Amino acid sequence: MKRYSALRLFVEGLRGQKGWTPAWRSPSPKKRYDVIVIGAGGHGLATAYYLARNHGVRDVAVLERGWLGGGNTGRNTTIVRSNYYYPASARIYDFSVRLYERLSRELNYNIMYSQRGIVTTAHSRHELEGVRRWLGAMRLNGVDGEMLTTAEVKLRVPVLDVSPTARLPVLGGYIHKRAGTARHDAVAWGYARAADALGVDIIQNCEVRGFASNAAGRVVGVETSLGPIAAEKICLSVAGHSGVLAALAGFRLPVTSYALQAFVSEPLKPVLDTVVMSLASGFYISQSDKGGLVFGGELDRYPSYAQRGNMPTIRNAAAALADQMPSLGRVRLARHWAGIVDIAPDSSPILGETPVPGLLINCGWGTGGFKAIPVGGFVLAHHLATGKAHDLAAPFGLKRFAEGALIDEAAASGIAH
Amino acid sequence: MLLISCPWCGPRDEIEFRCGGESHIARPEPSEEATDGAWVDYLFVRTNPKGVSFERWVHAFGCRQWFNLARDTVTHEIKAVYHIGEAAPAIDGEDGA
């Protein structure tokens, strides 16, 4: 991989930009790999990268039925944060934030990571008490956060209506300063380029249609649209399609897939330099470097694989924006879309072993997968390479449901599930 | 906006309803004798189909009655409306659960 640098930009400028090479290859699949990762979203690509980088396992293929990063990784509202409630959650999400903090340098790819903080607003006495309790839990877990008064919220978010007659009066809130945003496509592309440079084959337009198993019931390969590929270990990293792939492998999951919509407005001059999330309306927003307001809200509350949602949710998100930031109420929407999010009963991820020997899974991140791309890949790579769950991932195994050890992050995950 | 035909009230906008998840999931009986696996399946494990799905819905802001829908989760098209307690209808050659 030719390194990107200011010097190279200058040199290539002098040479008419003729020296740039493709960021990743488009190889044909081999007949066999040590590891197959199914799904070239952020998590799958990160898994392959960390397998090669941290564990020296380079005989890896990432199979993607569409184009890499075309699923939820390309459809989210780009928020990175670790303000969860339980210790196990704080550990895993904060590790991810710390990986994000140095990711551009590590991948030699500008992921435009902007640690602009997230302000969460409380709109009732109950929400304010809930926020204090949530913040207390965060602080006990070693995650940063500070309470904010109404005036302090207004200082940080001038466009927010905090007047007594606001539709949703702001009684206060808190700020998690180490939160921020990153360019979602760049995260996928950065991991793809780095993994490819270490020898990983990324095979796009390759749909997995079945699994091959040996007599003992262990998976030994996959059937794909490009033919059969054998592997010693396989990892499912397909988010909202986890149920579909699991069914091909003969098991079911405690996961339901929903549409999570997201919106981008026309470009505006800078009006918002932090992420804002409102508890009462379930609305969250930031402003991208191009000037568009990137925002979202709650799920459409019926199962969906459509990658689009319906008008009631659009109205709720737009209404929250218009109510809470009145000066932005006439802004025009440029684009909207949806991802397919895999919601687990406790809104926490499902990591590690499945009922099928040789097949691991990384799913259940629901509406919060983007922030966890680095840690998801990191811990699954560890599990694939060593055969054992990483300490960060161990509490999130599939067996926690039978053990009653759910990690119920429904509230702290940010939106109602 | 989904237009849902409540069996009692007729076609109404989706905002009058709430989806109650997958239908035709029977509580293991006698429940005291259910294995952990059967109980986990009952509480948490779901089929989550990509395609025709059989779901319970309640007309929360109308008659507040429950009913079943056969609905495609890719196109959102409602294929059938039927009562709680009825078997899932065959849809496009697929058998009900």
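Per chain, numbering begins at 1; letters A, B, ... match sequence-line order. Since the model is a prediction, treat every value here as computed from it, not as a measurement.
- Top candidate by heavy-atom pairs under 4.5 Å with chain A, chosen from B/Arg46, B/Glu22, B/Lys50, B/His76, is B/Lys50.
- Between the side chain of B/Asn48 and the backbone N or O of A/Ser257 there is at least one donor-acceptor pair closer than 3.5 Å.
- Residues of residues 65-74 of chain A lying under 4.5 angstrom from chain B, judged on non-hydrogen atoms, are A/Arg65 in numerical order.
- Of the atoms belonging to B/Leu43, not a single heavy atom falls under 4.5 Å from chain A.
- The part of B/Val40 that comes within reach of chain A is its side chain, from C-beta onward, which places non-hydrogen atoms under 4.5 angstrom from that chain.
- Options A/Met311, A/Glu403, A/His241, A/Gln307 differ in how many heavy-atom pairs under 4.5 Å they form with chain B, and the most are formed by A/His241.
- Heavy-atom neighbours of chain A within the stretch residues 3-20 of chain B, taken at a separation under 4.5 angstrom, comprise B/Glu14, B/Ile15, B/Cys19.
- When side chains are defined from C-beta on, B/Thr73 does not count as touching A/Tyr302, because their heavy atoms never get closer than 4.5 Å.
- Separation of atoms OG1 (A/Thr256) and CZ (B/Phe44) is listed at 12.0 Å; rounding is to 0.5 Å.
- Contacts of A/Leu398 with chain B are absent, with no heavy-atom separation under 4.5 Å from either backbone or side chain.
- Heavy atoms closer than 4.5 Å to chain B are found in both the backbone and the side chain of A/Val255.
- At a 4.5 Å heavy-atom cutoff, B/Ser53 makes no contact with chain A through either its backbone or its side chain.
- By the 4.5 Å heavy-atom criterion applied to side chains, B/Leu2 and A/Asn310 are counted as neighbours.
- Heavy atoms of B/Trp39 lying under 4.5 Å from chain A are absent altogether.
- Most heavy-atom pairs under 4.5 Å with chain B: of the set A/Pro303, A/Ala306, A/Ser242, this distinction falls to A/Pro303.
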